[in-house]
Amino acid sequence: MPGQRTTRRPAAYLDIANDLGEGIRAGRLPAGQNLPSERRLAAAYGVNRQTVRSALQHLRAQGCVAVDRLGTYVLAERDGRAVRPSLSRVPAHGFPGSLLGTARAVDGRGRLLRRPPEPWAAAALELPAGRAALTYEHRLQDPDGRPLQDAACWFAPALVMLLPQLGRAAFALDESREEEDAGARLGDLYVWAAMAGLRLRAADTVHLARAAGPRTPPARLEVRRTVADQHGRPLVGTVFRIGDEDVELRYADSQAILAGERPPRPTAGAYRIGEPDRAVLHSWASPNAPDRGLALRARIVLACERASATEAARRLGHSAELVAAWRDRYRAGGLLALESSPRGARQPH
């Protein structure tokens, strides 16, 4: 009625997401363990499964849970610090950044398309080889149009899901009937990530491509950058290619690793197991262990300490999806997460 003030209730999915989030923060839903199924959650809250799905999507966007072939599981809170809104030392260019000298006058141009990642990026992001991924190509050039830096960035599907702005750009690209160019500029991508609660860390490896003969191009510096979130999930793989006379790569300035962080191992997804955990894992993985499921999980975690999920899966004779799922559960919740069966998830209170 005119003049009557009404109070708008939050959407039902937000109530559910807040309740589950409170259970996660209070420890009632431990890190590394599955949430109840969508059907059980719908029955517990008296809503339909689409409402539950929206609540889980909201929790994923907040970095509270993740999804894999075993279900939706709780992520651990990790210490960390968000990257600056741009890794570039030329703020106007934003994502993916610049490795050029600061005094140069440059112009940036970018386009969005889909193409398969280079092999190193596919391995770093744990994407199937040869499958097209959302890609951003970016070029910095001088006022005369001479290329100074070329970059190609590949995005993990999880990042497209977590960032609505990136998801809309991907949808617009898929709907476009133009050639592989949506005219997209993603200069604010790191800002979007910070708004979504992601705390990103970047690691660089440097390669020098030398000239093979007198008629080949001069040596060019190639920097491969992997960006992961606070949970260790690799989200972006970027390669920068710069003529050697143009580069000004200074380790601290390029923020290859943020202050206070130890460089991660070069193998994608690898980690270090503490000695107490290692002893327990070896006992679980014994050939005579009574629990065959737990023995397999222990072998997966041990195999992934110095190998990617794909390499460990090949060695163990299981799928990469299964190996990655149990590896990530251990990283989120430790030994307790391995002991918990995904089918035995508890109801929320």
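The analysis underlying the following values was restricted to heavy atoms, covering all of them including side chains, and did not include hydrogens, waters or symmetry mates. Just so it is clear, the structure is predicted and the values come from calculations on it, not from any experiment.
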- Item | From CA spacing to verdict: salt bridge (Lys or Arg N to Asp or Glu O under 4.0 Å), Arg241, Glu222 | CA-CA 5 Å; Arg241 293 188 172 93; Glu222 180 177 291; 2.9 Å; yes
- After noting the C-alpha distance and the side-chain angles of Asp204 and Arg224, does the key distance pass the side chain to side chain contact (heavy atoms under 4.5 Å, CB included) rule? CA-CA 6 Å; Asp204 289 355; Arg224 298 174 182 176; over 6 Å; no
- Task: Could you please spell out the steps behind the side chain to side chain contact (heavy atoms under 4.5 Å, CB included) verdict for Trp120 and Thr226?
- Result: CA-CA 10 Å; Trp120 72 267; Thr226 303; 4.1 Å; yes
- Message: One pair to check against side chain to side chain contact (heavy atoms under 4.5 Å, CB included): Tyr73 and Gln33. What are the steps and the verdict?
- Response: CA-CA 5 Å; Tyr73 67 99; Gln33 297 189 24; over 6 Å; no
- side chain to side chain contact (heavy atoms under 4.5 Å, CB included) assessment of Leu41 paired with Ile16: CA-CA 9 Å; Leu41 287 171; Ile16 297 172; 5.8 Å; no
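Side-chain contact, Asp19 with Tyr45: a donor N or O sits under 3.5 Å from an acceptor N or O. Side chains of Arg53 and Gln50: a donor-acceptor N/O pair is present below 3.5 angstrom, by distance only. Under 3.5 Å, the side chains of Arg225 and Thr205 contain no donor-acceptor pair of N or O atoms.
No side-chain heavy atom of Pro117 sits less than 4.5 Å from a side-chain heavy atom of Leu125. Two residues are said to be in side-chain contact when any heavy atoms from C-beta on lie closer than 4.5 Å; Pro116 and Leu127 fail this criterion. Using a 4.5 Å heavy-atom threshold, the side chains of Leu20 and Leu29 count as touching. With contacts defined as side-chain heavy-atom distances shorter than 4.5 Å, the pair Leu322/Arg69 qualifies. The side-chain heavy atoms of Val236 and Trp154, taken from C-beta on, include no pair separated by under 4.5 Å. Looking at Leu75 and Arg233, their side chains come closer than 4.5 Å, going by heavy atoms from C-beta outward. A 4.5 Å side-chain heavy-atom check between Trp284 and Leu335 finds at least one atom pair inside the cut-off. In this structure, the side chains of Ile24 and Val65 come closer than 4.5 Å at one or more pairs of heavy atoms.
For the atom pair CG (Asn48) and OG (Ser54), the distance works out to 8.5 Å, reported to the nearest 0.5 Å. Note that CG of Leu134 and CG of Leu159 are 9.0 Å apart. Values are rounded to the nearest 0.5 Å. For the atom pair CD1 of Ile273 and CG of Leu302, the computed distance is 5.0 Å after rounding to the nearest 0.5 Å. In this structure, CZ in Arg315 is found 8.5 Å from SG in Cys304, a value given to the nearest 0.5 Å. Distance check: Asp277 CG to His282 NE2 gives 11.0 Å after rounding to the nearest 0.5 Å. Rounding to the nearest 0.5 Å places CG of Leu281 at 5.5 Å from OH of Tyr330.
No continuous path of ILVMFWY side-chain contacts below 4.5 Å connects Leu189 to Met161, so the two sit in separate hydrophobic clusters. No continuous path of hydrophobic side-chain contacts links Val67 to Leu59 [ILVMFWY only; heavy atoms under 4.5 Å].
Nearest heavy-atom pair, Ala325 versus Leu70, reported as atom, atom and distance to 0.1 Å: CB-CD1, 3.7 Å. A pairwise comparison of heavy atoms in Thr135 and Leu112 identifies O-CD1, 3.2 Å as the closest pair. Pairing each heavy atom of Val323 with each of Ile300, the nearest pair is O-CG2, 3.5 Å. Closest of all the heavy-atom pairs between Ala332 and Ala31 is O-CB, 3.2 Å. Across Val239 and Glu118, no two heavy atoms sit closer than the pair CG1-OE2, 4.0 Å. Taking both residues in full, the closest heavy atoms of Ala303 and Ala312 are given as CB-CB, 3.9 Å, listed atom of the first, atom of the second, then distance.
Although no hydrogens or angles enter the test, the distance criterion places a donor-acceptor pair under 3.5 Å between the side chain of Ser283 and the main chain of Val280. Side-chain atoms of Thr51 do not come within 3.5 Å of backbone N or O of Arg49 as any donor-acceptor pair. A donor-acceptor pair is defined here as one N or O able to donate and one able to accept, closer than 3.5 Å; such a pair exists between the side chain of Arg297 and the backbone of Leu338.
Taking a cutoff of 4.0 Å between a charged side-chain nitrogen and a carboxylate oxygen, Glu126 and Arg327 qualify as a salt bridge. Of the charged side-chain nitrogens involved, none lies within less than 4.0 Å of a carboxylate oxygen, so that Arg139 and Glu137 do not count as a salt-bridged pair. Remark: Asp68 engages Arg329 in a salt bridge, criterion side-chain N to carboxylate O under 4.0 Å.
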